[in-house]
Amino acid sequence: MDAFTAGLLQRIRTTETDLTKAREEGDEFLADVEQEELEDLRRLAAEHGVEVSAASA
């Protein structure tokens, strides 16, 4: 796995964790921000052929 792929998958995992935490804490604004970030990261992964399901495992 190259550095780009590893870094992207790590960012996705971190954003998923941050999104979950924001939702659990009831911070709707932060949850919206994290959701948008996650969508952007997943789009970037798709554009570069990175399998995202590996990040969520």
Side-chain angles (χ1 to χ4, degrees):
M1 179 180 308
D2 62 29
F4 173 80
T5 300
L8 183 57
L9 292 175
Q10 180 59 46
R11 286 182 62 197
I12 289 171
R13 282 191 294 271
T14 299
T15 303
E16 288 173 336
T17 299
D18 292 347
L19 175 58
T20 298
K21 184 176 179 184
R23 286 177 174 163
E24 288 172 351
E25 293 175 355
D27 189 336
E28 292 181 28
F29 176 76
L30 183 57
D32 287 345
V33 170
E34 296 296 348
Q35 183 64 48
E36 290 293 325
E37 176 72 8
L38 187 56
E39 289 172 9
D40 287 344
L41 291 168
R42 288 179 173 162
R43 179 190 47 77
L44 184 62
E47 288 174 359
H48 291 276
V50 175
E51 177 61 48
V52 175
S53 64
S56 302

Report task. Hey, could you give me the OG1/CG distance between Thr15 and Leu19, rounded to the nearest 0.5 Å? Result ->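 Between Thr15 OG1 and Leu19 CG, I get 8.5 Å after rounding to 0.5 Å.
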Report task. Find the distance between CG (Asp40) and CD1 (Ile12) and round it off to the nearest 0.5 Å. Result ->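 Taking CG in Asp40 and CD1 in Ile12, the distance rounds to 11.0 Å.
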Query raised in the report: With a 4.5 Å limit on heavy-atom distance, are the side chains of Leu9 and Met1 in contact?
Result: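 Yes - at least one pair of side-chain heavy atoms lies under 4.5 Å apart.
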Requested in this report: Please name the pair of heavy atoms, one in Val52 and one in Ala45, separated by the smallest distance, quoted to 0.1 Å.
Outcome: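 Distance-wise, the nearest heavy atoms are CG2-CB, 3.4 Å.
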Query - Taking every non-hydrogen atom, the tightest pair across Ala22 and Ala31 - result: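 Minimum heavy-atom separation between Ala22 and Ala31: CB-N, 3.7 Å.
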Report task. Quick one: list whatever passes side-chain hydrogen bond (donor to acceptor under 3.5 Å, both in side chains) with Thr5, sequence neighbours left out. Result ->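 By the side-chain hydrogen bond (donor to acceptor under 3.5 Å, both in side chains) rule, Thr5 matches Asp2.
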Requested in this report: Identify, with sequence neighbours excluded, every residue that meets side-chain hydrogen bond (donor to acceptor under 3.5 Å, both in side chains) alongside Thr20.
Outcome: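 For Thr20, no residue satisfies side-chain hydrogen bond (donor to acceptor under 3.5 Å, both in side chains) once neighbours in sequence are set aside.
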Query raised in the report: Any chain of hydrophobic side-chain contacts (each under 4.5 Å) joining Val50 to Leu38?
Result: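 The answer is yes; both residues are in one hydrophobic cluster.
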Report task. Treat each ILVMFWY residue as a node, draw an edge where side-chain heavy atoms are under 4.5 Å apart, and state whether Leu30 and Leu41 are in one component. Result ->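 The answer is no; the residues belong to distinct hydrophobic clusters.
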Query raised in the report: Going by the salt bridge (Lys or Arg N to Asp or Glu O under 4.0 Å) test, which pairs reach into residues 27-37, not counting sequence neighbours?
Result: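 Only Arg11-Glu37 qualify under salt bridge (Lys or Arg N to Asp or Glu O under 4.0 Å).
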**Report entry** Salt-bridge present (Glu47, Arg43; N to O < 4.0 Å)
**Finding:**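 Salt bridge between Glu47 and Arg43, a charged N being under 4.0 Å from a carboxylate O: yes.
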